[in-house]
Number of protein chains: 2
Amino acid sequence: METRELRYFVAVAEELHFGRAAQRLGIAQPPLSRAIAGLERRLGAPLLERGSRGVALTESGTVLLREARAALDAIEAAERRTRRAALAATGRPAVLLAAKAGASDELLAKLLGVYAAEPGAVAVDVVLCGPGEQVTLLCTGRADVALLHRPFDDTAGFDTEDLHSEGQVALLPAGHPLSTRSHLRLAEVTAIPDLPLPRWPRPDGTFPDGPGPQVRDHTQLTQLIALGRACAIVPESGRTGLRSGLTAVPVTDAPRVTTVIAWPPHSRSTAVAELVRAATAL
Amino acid sequence: METRELRYFVAVAEELHFGRAAQRLGIAQPPLSRAIAGLERRLGAPLLERGSRGVALTESGTVLLREARAALDAIEAAERRTRRAALAATGRPAVLLAAKAGASDELLAKLLGVYAAEPGAVAVDVVLCGPGEQVTLLCTGRADVALLHRPFDDTAGFDTEDLHSEGQVALLPAGHPLSTRSHLRLAEVTAIPDLPLPRWPRPDGTFPDGPGPQVRDHTQLTQLIALGRACAIVPESGRTGLRSGLTAVPVTDAPRVTTVIAWPPHSRSTAVAELVRAATAL
DNA sequence: CAGGAGTGATACCCAGGCGGTATCGCCGCC
DNA sequence: GGCGGCGATACCGCCTGGGTATCACTCCTG
């Protein structure tokens with residue numbers, strides 16, 4: 001199987017439309033049809049069901065979509081990591097660390113400080129990204145190591161070390177009736193009238209359906225809460241440096257959040273290993 | 001990057017010789033040279049150092065070799081898993097389980113028995129393989145799930161559940177002076193004169209250098225020990241069904257061996273999930 | 001030191017495959 | 001029934017990947 005075929009199939013499987021997929025790929029529709037047909041012939045399995053209106057994935061197609069994405073990520077990672085290795089060999093070596101913007105600020109600052117003090121420490125370039133993006137960055141080689149948060153982020157497929165565990169708090173507009181409580185329960189927070197939980201984007205950038213407002217980062221979130229348009233449940237560390245107009249109340253039965261440091265398996269980078277060592281020693 | 005280029009590069013990187021690599025790939029040498037040169041040009045990094053006698057990997061080349069192997073494995077897995085999904089959709093669904101031949105016999109038998117008794121259990125095809133091969137089978141999609149043994153097998157990159165932990169025993173020819181001892185220490189076993197530890201093949205099929213005899217499976221091992229040509233340190237469970245002429249003596253300070261069940265991350269197969277559930281409940 | 005063997009790079013040619021345009025066949029829907 | 005949307009098919013041209021022949025360089029050797 002050629003990378004080209006994989007890319008073509010993923011495009012069609014995501015668009016569920018040959019024309020749009022071809023457009024996205026920058027080619028005409030006929031070659032795309034042929035390529036997919038060839039793929040199906042060689043695999044001996046129908047990947048798509050051509051209905052009169054658009055197409056749908058078959059069982060095999062669903063499997064191939066997942067596997068093809070992983071394979072394409074691996075190829076992209078191979079390219080990126082090789083380029084970075086060449087750069088590190090000739091210029092300044094560096095580690096790319098991905099972290100969720102607005103989360104684990106203190107821990108991140110401490111980690112960078114401790115690691116930088118080590119002998120032989122290299123530069124750490126920090127990439128702050130939206131929620132869930134770190135996993136993609138690691139998969140595609142755009143980051144060497146990342147801070148993830150269980151159970152939100154999917155750590156499957158990476159090597160990880162637990163760094164920190166904490167409870168969660170509800171963020172409420174100051175002055176809200178519940179904001180004077182010493183603690184809350186999950187069910188109470190999700191049932192607050194007129195203060196829905198916000199909707200975060202999926203990895204592909206689209207938003208799930210629901211009543212809450214769409215948010216993309218921590219700033220938008222806190223602003224919406226201060227405006228009295230939403231509430232949220234976030235890890236305790238999210239209350240540090242809280243803007244005025246917000247109150248944090250512990251949620252006793254919310255799942256505990258564990259911050260972990262994650263890196264691709266079989267990573268041979270000594271810099272990453274040192275960084276992980278520094279992190280676990282915190 | 002195209003799969004073709006990755007395959008070509010891996011061939012050259014493994015052979016460290018353009019001619020032999022081309023032969024292995026079934027093409028002539030000039031196109032291979034061109035393809036590698038193109039790859040280096042597009043990556044902007046030298047991957048190989050052409051010495052007057054043969055070639056050597058650069059730093060970037062080493063990185064690419066590792067990443068390219070992973071990417072090619074992912075592509076092969078994509079193909080295999082899609083084919084198997086198509087088969088399962090039309091014919092009899094099955095789970096492919098990889099296990100080291102001659103290890104964890106009892107546990108494996110029990111697992112198969114318990115799982116088969118479950119409602120909705122599908123057929124489990126067992127692939128017995130040489131030591132360390134399970135990881136490759138899992139990576140390339142030739143197996144859906146595997147029994148691995150820490151610390152021998154590398155579980156990085158898989159989801160795992162611990163099943164069983166056990167100590168290790170030394171296998172000695174019956175009648176050997178040490179065979180009457182109630183227990184031994186690691187240093188004593190490795191230092192036995194005229195009874196070297198055997199050499200197991202590496203993933204690529206070659207053997208490391210050393211004094212011990214080459215062995216490929218459990219039968220060869222026990223035969224060599226019975227002949228008085230080697231001794232070995234194996235998990236306790238390896239003593240079950242021991243052929244005559246062998247004695248097992250516990251090695252107190254040998255690392256404990258943990259049998260784990262492993263599967264590729266993001267596996268969506270319910271059959272695998274059921275099998276894992278049955279295994280952990282043992 | 002000249003010649004030869006071994007190895008990778010270059011020059012040049014050919015053809016298969018990939019992509020493009022034009023068109024068809026099929027199905028819903030005003 | 002005509003029309004529009006969508007995927008498949010037919011056909012063509014060109015690019016690129018692969019083949020053969022040969023070169024350039026470096027050791028090794030007599």
Side-chain angles (χ1 to χ4, degrees), chain A residues 1-62 64-65 68 71-72 75 78-79 86, chain B residues 1-62 64-65 68 71-72 75 79:
Chain A
M1 258 192 321
E2 293 301 311
T3 8
R4 187 178 48 84
E5 298 178 298
L6 292 178
R7 267 191 289 266
Y8 285 8
F9 174 72
V10 169
V12 176
E14 284 179 354
E15 299 284 346
L16 292 177
H17 189 292
F18 278 77
R20 279 196 302 274
Q23 199 172 1
R24 189 173 114 184
L25 292 165
I27 64 170
Q29 170 257 319
L32 182 56
S33 284
R34 257 187 307 159
I36 302 292
L39 199 55
E40 287 177 313
R41 190 166 31 76
R42 270 190 306 112
L43 288 172
L47 301 169
L48 299 165
E49 264 163 17
R50 280 84 162 168
S52 55
R53 220 64 175 180
V55 290
L57 281 171
T58 64
E59 197 66 30
S60 320
T62 310
L64 183 57
L65 177 56
L72 288 174
I75 292 168
E79 194 161 340
Chain B
M1 256 190 325
E2 292 302 310
T3 359
R4 187 178 47 83
E5 298 177 299
L6 291 178
R7 266 193 289 267
Y8 286 8
F9 175 72
V10 170
V12 176
E14 284 180 355
E15 297 284 347
L16 292 177
H17 189 291
F18 278 77
R20 278 197 302 274
Q23 199 172 0
R24 192 173 112 184
L25 292 165
I27 63 170
Q29 169 257 319
L32 183 56
S33 284
R34 256 188 309 163
I36 301 292
L39 199 56
E40 287 177 312
R41 189 165 33 76
R42 268 189 308 112
L43 288 173
L47 301 170
L48 299 164
E49 266 162 16
R50 280 83 161 167
S52 55
R53 221 63 174 178
V55 291
L57 280 171
T58 63
E59 197 68 30
S60 320
T62 311
L64 183 58
L65 176 57
L72 288 174
I75 292 169
E79 193 160 341

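These numbers come from a predicted model, not from an experiment. In what follows, chains carry the letters A, B, and so on, assigned in the order in which the sequence lines appear, proteins first and then strands, with residues in each chain numbered from 1.
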Once you round it to whole Å, what is the distance between [atom2] of [N] and [atom1] of [X]?
X: B/Gln23; N: C/dG8; atom1: CD; atom2: C1'; answer: 16 Å
X: A/Arg20; N: D/dG5; atom1: CZ; atom2: C1'; answer: 12 Å
X: B/Glu15; N: C/dT7; atom1: CD; atom2: P; answer: 12 Å
X: B/Glu49; N: C/dT7; atom1: CD; atom2: P; answer: 19 Å
X: A/Leu16; N: D/dG7; atom1: CG; atom2: P; answer: 10 Å
X: A/Leu32; N: C/dC18; atom1: CG; atom2: P; answer: 13 Å

Is the distance from OP1 or OP2 of C/dG6 to the nearest side-chain N or O of B/His17 less than 4.0 Å?
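No, because none of the side-chain N or O atoms of B/His17 sits under 4.0 Å from OP1 or OP2 of C/dG6.
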Determine all donor-acceptor pairs shorter than 3.5 Å in which one atom belongs to a side chain in residues 27-34 of chain B; sequence neighbours excluded.
unit_1: B/Gln29; atom_1: NE2; unit_2: B/Ser33; atom_2: OG; d: 3.0

Of all residues at least two apart in sequence or in a different chain, which pass the side chain to side chain donor-acceptor pair (under 3.5 Å) check with B/Glu14?
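Residues passing side chain to side chain donor-acceptor pair (under 3.5 Å) with B/Glu14: B/Arg24, B/Arg69.
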Given protein heavy atoms under 4.0 Å, the one-letter contact record of nucleotides 8-22 of chain D, with B base, S sugar-phosphate only and - none, is simply BB-------BBBBB-
Partner set under side-chain contact (heavy atoms from CB on, under 4.5 Å) for A/Glu2, not counting sequence neighbours
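Partners of A/Glu2 under the side-chain contact (heavy atoms from CB on, under 4.5 Å) test: A/Glu5, B/Glu2, B/Thr3, B/Arg4, B/Arg7.
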By side-chain contact (heavy atoms from CB on, under 4.5 Å), which residues pair with B/Glu79, not counting sequence neighbours?
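Once residues adjacent in sequence are excluded, the partners of B/Glu79 under the side-chain contact (heavy atoms from CB on, under 4.5 Å) criterion are A/Met1, A/Leu43, B/Arg83.
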How close do A/Val55 and A/Phe18 get, counting heavy atoms only, and between which atoms?
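Looking at all heavy atoms of both residues, the shortest contact is CG1-CE1, 3.8 Å.
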4.5 Å side-chain heavy-atom contact, A/Leu57 and A/Leu48:
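Yes, their side chains come closer than 4.5 Å.
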